[in-house]
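Comments concern the structure below.
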Amino acid sequence: MPCPHVEQRTSGAIAVSVRNILGRLIGVIPTLLITWTFVFGAMRLVPGDPVLLMLQGTPISDGAMEAARAKLGTDRPIIVQYVSFLANAARGDFGDSFRSRQPVTRLIAAEFPFTLQLALGGFVIGLVLGATLGVVAGVWPNGWVDTLCMTAALAGLSLPSFWIGMLLIQVFATWLGWVPVLGTGFDALILPSITLGLFLAGGLARLTRNAIIEVMGQDYIRTARAKGLTAWKVVAKHAMRNAVIPPLTLLGIQFALLIGGAVVTETVFARPGIGRMLVQAVLEKDFPVVQGIVVLTTAAYVLINVAIDIAYGIIDPRVQE
Amino acid sequence: MSGAGLVRRPWFISRLLGAPGAVAGAVVIAVILGLAVLAPYLAPYDWNANSQCRRLAPMTAEHWFGCDLFGRDIFSRVIYGARFSLAMGISTVAISLTFGALLGIVIAYGGGRIDRIGARVIDAMLCFPPIILAILIVAVLGVGLMNAALAVGISGIPRFARITRAATLSLAARDFVEAARAVGAGHTRIVLRHLLPNLAPILIVIATLDLGGAVLFTATLSFLGLGAQPPTPEWGAMLNAGREYVRYAPWTMIFPGLALFLTVMAVNLVGDRLSLILDPRQRDRS
């Protein structure tokens, strides 16, 4: 039994966590309200008439102009616009794209699966690479192994992911021809996943190392050693299980990094996805799309962090106490 | 105890240079600074003059890093690019640090309702993934080098505010602040003479740790086409411009990217070491 207290879960503890979950979900509301208010305010600061931006230079009569203004709702008082923005955001309605004239939500839904694939691929590679470097460095701290692993981790944090992406394309797609440059198949996902994974691995490695060092100093590790377990078993069964908590905290932040990484990776690899869509929308001044993506990613980020908070309680009941 | 690490200079420098990584980092930073300052004397060609050589010509003795689509010498452009990287990084961190620290101190020192609301807003603002926040700000301000720097700077404010607030809260509860108040010191005096000097080591540490990321972040925005615009010889923008024909001329992206990587790595190496020395908790332990 690596972690005896994990098995000792009573129904009382579960009841507590249900109330805990509800409390946390309610706590999300003011946070979302503040972020969405910021987005609303920012969008109102955009210079120029939104109707002219929507028309993107097409000439139009005054009457049609008024009609467009009424459709966008920009002729109403600001407070009404604000409330209707919040109500629409809560329902996931962000209006139509200035460019394609299609509902923003539908456009985002069409691109989302590609970003999800990339995020999962990048996350797996980042986790495997980061955890390996971190555990190796943490088990043998302050020696040359540690220095090597941590320099590699720092390099990972310092690598411009757009550069490494272009290098990977050059070597593995153009010169060696092992994978296609473009496309949305599985083999076209490999290089983008590596690019995104490298971006995540550095921070994860540093965090895992510190967690392992901390855990290796605990009494239960000494006990495990004393009872004659092999070094491998001590690390795999006792140290790793307890060391996952701090890196898990970072998973919430990892999501922010994943989104940021996806923006860059999708652009480098010319992959479809939300990140590239956002950059395109900014360049084309397609504000409903910008607004929709920002609001949705923020909401996803907040909810993922709540989910992770709740997950701690399940993995490690010490957190609840 | 405040800023002791900064006052005892020889000790400080020798500890900073005690690690080979930090030495290498410091040397690279010195080289980059040298390139930035002496660019007009060191660059063999004009960074913006077309047709210095054949379009997309490979590396030769005359053109060490080859030539770009317009026949410009890439080596000269990379040298001039050094002017943007550190300058952009430092100015964005300065924006985040100044406004973040100010906000953090005001909120924590204000206490009560101001603190509760302020802390809530900061936490909410931290829910924007930084790059998303920066892109949103660029969308509002418009595309360009200065706006990108401003966006990166602003997107860092909540992070600095949160750390400063936490540090100020723990300081404000200490006896010396109470003592200063007892002898009749005003708010301004307490903040400037008692809180700020004690916050300085922490602020320096987080600013240094942030610098590498800030350099990378501004270059990233330029790469996305949201920051520096052609023909500016900014490294991220150079990579963006080379994207279309990189398979015919990989040198157009290898060298600007390498310069960016080395700069960020150097800043991170020094920042890591500096945080180890300046962080009071780490210092007391060693």
Side-chain angles (χ1 to χ4, degrees), chain A residues 30-35 37-39 42-47 147 150-151 154-155 157-164 166-167 169-171 173-175 181 206 253 255-261 263-264 267-268 270 275-276 278-279 281-283 285 287 290-291 293-294 297-299 301-302 305, chain B residues 19-21 25 117 120-143 212-213 215-217 219-226 235-236 239-240 242-243 246-248 250 252-254 256-258 260-269 271-272:
Chain A
T31 306
L32 287 182
L33 211 60
I34 294 169
T35 54
T37 305
F38 183 84
V39 175
M43 287 292 126
R44 289 303 162 280
L45 288 177
V46 173
T147 309
M150 285 305 103
T151 307
L154 200 68
L157 284 175
S158 309
L159 274 176
S161 47
F162 45 93
W163 183 55
I164 207 73
M166 288 168 107
L167 286 177
I169 293 175
Q170 191 65 31
V171 173
T174 307
W175 286 341
V181 180
R206 284 155 68 107
I253 303 164
F255 173 77
L257 291 177
L258 272 173
I259 289 291
V263 171
V264 177
T267 305
V268 174
R276 196 157 79 105
L278 176 64
V279 175
V282 171
L283 291 173
K285 296 187 187 299
F287 291 107
V290 175
Q291 185 169 284
I293 293 176
V294 174
T297 46
T298 316
Y301 186 31
V302 173
N305 274 297
Chain B
I117 296 173
R120 189 88 226 199
V121 171
I122 290 170
D123 278 349
M125 291 307 290
L126 284 167
C127 292
F128 284 104
I131 196 157
I132 299 289
L133 186 54
I135 290 177
L136 177 70
I137 296 169
V138 170
V140 174
L141 296 175
V143 163
V215 172
L216 198 52
F217 202 168
T220 301
L221 286 184
S222 291
F223 170 77
L224 293 173
L226 305 176
W235 296 332
L239 278 148
N240 185 29
R243 233 157 80 204
V246 59
R247 54 182 306 173
Y248 312 108
T252 53
M253 65 95 178
I254 289 175
L258 188 65
L260 178 60
F261 168 57
L262 288 177
T263 307
V264 177
M265 182 82 183
V267 172
N268 281 339
L269 280 168
D272 246 24

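First the proteins, then the strands, lettered A, B, ... as listed; each starts at 1. The basis for the numbers below is simple: all heavy atoms, side chains too, and nothing from hydrogens, waters or symmetry mates.
- Neither the backbone nor the side chain of A:Ser161 comes within contact range of chain B; no heavy atom of the residue lies under 4.5 Å from a heavy atom of that chain.
- Contacts between A:Val263 and chain B at a heavy-atom distance below 4.5 Å involve backbone atoms as well as side-chain atoms.
- Chain B forms the most heavy-atom pairs under 4.5 Å with one residue out of A:Leu32, A:Thr147, A:Thr151, A:Val279, and that residue is A:Val279.
- A:Pro160 and B:Gly257 make their closest contact through CG-O, 4.2 Å (heavy atoms, listed as atom of the first residue, atom of the second, distance).
- Every side-chain contact (heavy atoms from CB on, under 4.5 Å) that B:Val140 has, sequence neighbours left out, goes to A:Ala42, A:Leu45, A:Val46.
- In this structure, the portions of B:Leu258 lying under 4.5 Å from any heavy atom of chain A include both its backbone and its side chain.
- The side-chain heavy atoms of B:Met253 and A:Leu167, taken from C-beta on, include a pair separated by under 4.5 Å.
- Taking all atoms of both residues into account, the shortest heavy-atom contact from B:Phe217 to B:Ala134 is CZ-CB, 3.8 Å.
- Only the backbone of B:Leu126 comes within contact range of chain A, with at least one heavy atom under 4.5 Å from a heavy atom of that chain.
- The shortest distance between side-chain heavy atoms of A:Ile169 and A:Val268 falls below 4.5 Å.
- For the side-chain contact (heavy atoms from CB on, under 4.5 Å) test, residues two or more places apart in sequence or in another chain that qualify with A:Arg206 are A:Met150, A:Ala153, A:Leu154, A:Leu157, B:Asp272.
- Looking at A:Thr174, the atoms closer than 4.5 Å to chain B (heavy atoms on both sides) all sit in the side chain, from C-beta outward.
- Interface remark: of the candidates B:Leu133, B:Ile131, B:Leu141, B:Ile131 forms the most heavy-atom pairs closer than 4.5 Å to chain A.
- With a threshold of 4.5 angstrom between heavy atoms, B:Phe223 approaches chain A through side-chain atoms but not through N, CA, C or O.
- Interface check for chain A: of the options B:Leu260, B:Thr220, B:Val143, B:Leu262, the most heavy-atom pairs under 4.5 Å are formed by B:Thr220.
- A donor-acceptor pair under 3.5 Å links the side-chain atoms of A:Thr297 to the main chain of A:Val294, judged by distance alone.
- When each of B:Asp123, B:Ile254, B:Asn240, B:Val215 is scored by its heavy-atom pairs under 4.5 Å with chain A, the top score falls to B:Ile254.
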